[in-house]
2 protein chains.
Amino acid sequence: MLGGMAWDTERTKRLLLDAAVDEFAAHGPEGARIDRIATAAGVNKERIYPYFGGKQQLFAAVVQRELEQLAAAVPLEEPDGGTVDLPEYAGRVFDYHLAHPHLLRLLQWEALCGDGSAPVAGEGRRAAHYAEKVAAVSRARRGSGGAGDAARGEVQLPPADLLYAVIALAGWQFAAPQLARMIIGGAVDADPAARRAAVVDMVRRLAL
Amino acid sequence: MLGGMAWDTERTKRLLLDAAVDEFAAHGPEGARIDRIATAAGVNKERIYPYFGGKQQLFAAVVQRELEQLAAAVPLEEPDGGTVDLPEYAGRVFDYHLAHPHLLRLLQWEALCGDGSAPVAGEGRRAAHYAEKVAAVSRARRGSGGAGDAARGEVQLPPADLLYAVIALAGWQFAAPQLARMIIGGAVDADPAARRAAVVDMVRRLAL
DNA sequence: GGGCATTCCAACCCGCCGGTTGGTGGCTTC
DNA sequence: GAAGCCACCAACCGGCGGGTTGGAATGCCC
């Protein structure tokens, strides 16, 4: 039609996926409406079925693509040459969630709708990804362990717990904004920089 | 009929609420089915409308009741005279989530289904409740602030941030079990005591 | 016994929504 | 031009599910 360029099936699929990300993130696999996705994409809804098979498969495709984009946007190795600043990393995780609120919502829908104990799609790859991050944290901390803290009788937190804390502290206020709003007083949207600074500060204290 | 005791409207309402908790926690306000709730309660579904008004109101009633139960079961102030042990409080929050997985799921559904910025049902009371907790934390810390930490140039974390951290650290592994499983290696179910200890330890470090 | 409220049962209405189908026209390839 | 795929449009189907209604049984109060 007005877009003119027919014959580009990849573009059609991409338009559908783009619209589906918004719709699924907003309403979840149950509440999402096929018609809304098609309308938002500027594509007829029937196109979904030859390309993806149905609503559930479209949701799976959306989650998969978002995870791939995450893996591409957040590389394992630090680009600046190997030094790992964990509090700053927490800040970047916060930034990512702030800029891409879809991902966490999709993961929450996945957690809520799926069986809690059953492995999710692509769990193997994703677990390996996190194991790599834990290893990176462990590597980075081995050198930076201050003797002063050791003198205080403190034992460092296990790297996995630390990574868990980073993700929880950075992510919780996006996952449960109504709680964060009621506790903090202002929403995340009110002053993102302050929230980011708080997360960075908390991780800094934990990483001692 | 078989229950015999008709005429006990409170009992009927309670039966409906009990069944609704399970149904809503499992499927959310959209995916929940009125018929399933009524059947599980052993009550006819029409009873819902005179008592609660509809599906959404029933969901709100369920959330409210569960929150009241949490507040009653996990007080912040020690009953033995007002001392506040924040790490231990985090541990008790963890215990509560472990024993009552419904609550956090309900809050997640609420967060996902509701408009992110619009106030949720009963937000005023709930916000006041959290403000009270923040005040208690603030009161408790004023005395315990170690001079040693001040000598190190450390400023204490704001009480609200601290309470936020407690709730986030204790709750995240129940809210996103698949992430926790992939990061930590074992699920929460595998070794709850270890996870609890980790949460308590992290809060202890933050509360310094 | 006569009102009145509560509950059960059993349909029923109606809108929504996932998915399908048939027809038309355009673009590409041969 | 003929064949074939791609996309649009429009209508349609069928089931599901929230919510409603009417009728009958039962217990409470006067």
Side-chain angles (χ1 to χ4, degrees), chain A residues 1-63 106 109-110 112-114, chain B residues 1-63 106 109-110 112-115 121:
Chain A
M1 55 167 303
L2 46 99
M5 280 309 300
W7 245 232
D8 192 344
T9 81
E10 287 308 313
R11 175 175 168 274
T12 302
K13 283 163 103 171
R14 187 175 47 76
L15 287 174
L16 282 172
L17 277 176
D18 289 342
V21 169
D22 292 341
E23 178 72 10
F24 279 123
H27 305 286
E30 305 255 358
R33 295 294 167 245
I34 292 283
D35 301 63
R36 280 201 295 256
I37 295 175
T39 303
V43 174
N44 276 279
K45 67 172 183 174
E46 18 157 292
R47 293 287 89 202
I48 290 173
Y49 301 95
Y51 283 157
F52 300 98
K55 200 196 204 186
Q56 297 305 319
Q57 288 99 314
L58 180 58
F59 178 73
V62 162
V63 172
L106 288 172
W109 288 117
E110 182 185 54
L112 283 177
C113 293
Chain B
M1 56 165 307
L2 45 99
M5 280 310 300
W7 248 237
D8 192 345
T9 82
E10 287 308 312
R11 176 176 167 274
T12 302
K13 282 163 106 171
R14 189 175 44 77
L15 287 174
L16 282 172
L17 276 176
D18 289 342
V21 169
D22 292 342
E23 178 73 10
F24 279 124
H27 305 286
E30 305 256 359
R33 295 293 165 247
I34 293 282
D35 302 60
R36 278 200 296 256
I37 295 175
T39 304
V43 173
N44 274 279
K45 67 171 182 174
E46 20 158 289
R47 292 289 89 201
I48 290 173
Y49 301 95
Y51 284 157
F52 299 98
K55 200 196 203 185
Q56 298 305 320
Q57 287 101 312
L58 179 58
F59 178 74
V62 162
V63 171
L106 289 172
W109 287 117
E110 183 185 52
L112 285 176
C113 292
D115 182 358

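These numbers were taken from a predicted model, which means no experiment stands behind them. Lettering follows sequence order; numbering is per chain, from 1.
Between the side chain of B/Glu23 and the main chain of B/Arg33, a donor-acceptor pair closer than 3.5 Å is present. When atom types are taken as modelled, the side chain of A/Lys55 and the backbone of A/Ala32 share a donor-acceptor pair closer than 3.5 angstrom.
The side chain of A/Ile34 approaches C/dG18 more closely than any other nucleotide in the set C/dG18, C/dT7, D/dG18. Of the candidate nucleotides C/dC8, C/dC17, D/dC6, D/dC6 has the atom lying nearest to any side-chain atom of A/Thr9. Considering only side-chain atoms of A/Tyr49, the nucleotide from C/dG19, D/dA7, D/dG19 that sits closest is C/dG19. When distances run from any side-chain atom of A/Lys55 to the nucleotides D/dT20, C/dT6, C/dG19, the shortest one goes to C/dG19.
One atom, CZ of A/Phe59, and another, P of C/dG18, lie 14 Å apart when rounded to the nearest Å. At whole-Å resolution of the value, CG in B/Asp35 and C1' in C/dA10 are 13 Å apart. Rounded to whole angstrom, the span from the CD atom of A/Glu10 across to the C1' atom of D/dC5 amounts to 15 Å.
Nearest heavy atoms, A/Pro29 versus A/Phe59: CD-CE1, 3.9 Å.
In this structure, B/Lys13 NZ and B/Ile48 CD1 are separated by 13.0 Å, a value rounded to the nearest 0.5 Å.
Among the atoms of the strands shown, only primed sugar atoms or phosphate atoms (P, OP1, OP2) are found under 4.0 Å from some heavy atom of A/Ala32. Here A/Gly53 lies out of heavy-atom contact (under 4.0 Å) with every strand. Heavy atoms of B/Arg33 sit under 4.0 angstrom from primed sugar atoms or phosphate atoms, though from no base atom.
Side-chain nitrogen and oxygen atoms of A/Tyr51 include at least one within less than 4.0 Å of the OP1 or OP2 phosphate oxygen of D/dA7. Between A/Thr12 and D/dA7 there is a side-chain N or O to OP1 or OP2 distance below 4.0 Å.
On a pure distance criterion of 3.5 Å, a polar donor-acceptor pair joins the side chain of A/Lys45 and the base of C/dG19.
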